[in-house]
Amino acid sequence: MDLGLAAWGLREETLESQLEITSSLGVDLLELSIAGYERDRLQVWSTDEDIDKVKALFAKYNVRLECACTGNDFTLDDVPAQVGRVKSVINICSKLGVKYLRIFAGFSSDSVVIEEKFETMMKALKEVCDYAKTKNVLLCCETHGGVAQLKNGALVHFSSPTTRVDTWQEILKTGVAICYDPANLAAVGAVCPVKFYSDFAEDVKYMHLKDFRDVPGGVTPAACGEGRLDWHLLAAAVKKYDGPALIEYELTGDVKDGMERSLAFLKKYGF
């Protein structure tokens, strides 16, 4: 297992700050967000010069540039544009030498992603996956439900196509690998995260590690070990996993401290 830091909690930090945090915590793997957030250093219109500057920054901090992520949703009404955007990000990944690109299938409820909408989502996944193969980039689709926020700030996660075992059996036919996020699965509650891993272990090539803490009406992000996940069972299930495992502490206000607490906890559990 190759521990590093995931991008989402670091979204308000500059790229150099993200790299400084990564280096200061003694890990050498950082997930680079590309055109997934307005503050991302690289967008779909970035030039080769922009790309070279990012490569130089990673080299400056001795952090490996192997993992990237972007934002997309193939369950919305603008799928052709979303596909084109993901292909542009794949092109950037190829120039960076990135091995893994984490994407999404979509965040719409599984209750509406049926028939034509489901087929459209599947065709989009296959199209971007086939394209990524020509660029030597492995697409990893995240287990992620839809998310709504209540007035009190609590998050409510609901089932999407990528939080269902039966749907994953179809999704894998497109050629994508799995970005396994057990906390997301636990937050939805439709499938046991440990059982999901045992069912799909051979297809898990990428992992996000985080936690959610129960609050009235839903959950709120927490550091690893500070929420609802059964880490004893999870550690035993994934002990043979050999790939990137990125800490995704989601709260931006104390992200360095949250990443540090998570890292210390994971090491105690043998991650």
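It should be emphasised that the depicted structure is a prediction, and the values quoted were computed from it without experimental measurement. Just so it is clear, the values below take in all heavy atoms, side chains as well, and ignore hydrogens, waters and symmetry mates.
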Exercise for review: Run the numbers on Y249 and D254 for side-chain hydrogen bond (donor to acceptor under 3.5 Å, both in side chains), then give the verdict.
Suggested key: CA-CA 9 Å; Y249 182 76; D254 65 339; 2.8 Å; yes
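- A distance-only check finds a donor-acceptor pair linking the side chain of D50 to the backbone of T47 [under 3.5 Å].
- The two residues E38 and Q43 make their nearest non-hydrogen contact at O-NE2, 3.6 Å.
- The line from SG of C224 to NZ of K268 is 13.0 Å long, rounded to the nearest 0.5 Å.
- One finds the OH atom of Y269 at 10.0 Å from the CG atom of L234 (value rounded to the nearest 0.5 Å).
- Following chains of ILVMFWY side-chain contacts shorter than 4.5 Å, one cannot reach V156 starting from V112, and the two form parts of different hydrophobic clusters.
- Note: the hydrophobic cluster containing L246 does not contain I21 (ILVMFWY, side chain heavy atoms under 4.5 Å, direct or indirect links).
- Scanning all heavy atoms of the two residues, the minimum distance from F196 to V191 falls at CB-CG2, 4.2 Å.
- Between H157 and H144, the ring-plane angle classifies as parallel under the 30° and 60° cut-offs.
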Point to revise | N184 and T143: CA distance, side-chain angles, deciding distance, side-chain hydrogen bond (donor to acceptor under 3.5 Å, both in side chains) verdict | key: CA-CA 7 Å; N184 286 342; T143 57; 5.0 Å; no
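- Expressed to the nearest 0.5 Å, how far SG of C67 lies from CG of L32 amounts to 10.0 Å.
- Nearest heavy-atom pair, N91 versus Y131, reported as atom, atom and distance to 0.1 Å: OD1-OH, 2.6 Å.
- When all heavy atoms are compared, the tightest approach of H208 to P182 is O-CD, 3.4 Å.
- With respect to R41, the side chain to side chain contact (heavy atoms under 4.5 Å, CB included) criterion is satisfied by exactly one of K53, E16, Q18: K53.
- Between R102 and D181 there is no salt bridge, since no side-chain N of the basic residue sits under 4.0 Å from a carboxylate O of the acidic one.
- A salt bridge links R39 with E12; the closest basic N to acidic carboxylate O contact falls under 4.0 Å.
- Under a hydrophobic clustering in which Ile, Leu, Val, Met, Phe, Trp and Tyr are joined whenever their side-chain heavy atoms come within less than 4.5 Å, directly or via other members, Y197 and V165 fall into the same cluster.
- Between K87 and E127 there is a salt bridge, with a side-chain nitrogen of the basic residue lying less than 4.0 Å from a carboxylate oxygen of the acidic one.
- No chain of hydrophobic side-chain contacts below 4.5 Å, direct or via other Ile, Leu, Val, Met, Phe, Trp or Tyr residues, connects V128 to Y100.
- In the hydrophobic clustering of this structure, V137 groups with L125; members are Ile, Leu, Val, Met, Phe, Trp, Tyr whose side-chain heavy atoms approach within less than 4.5 Å, directly or through other members.
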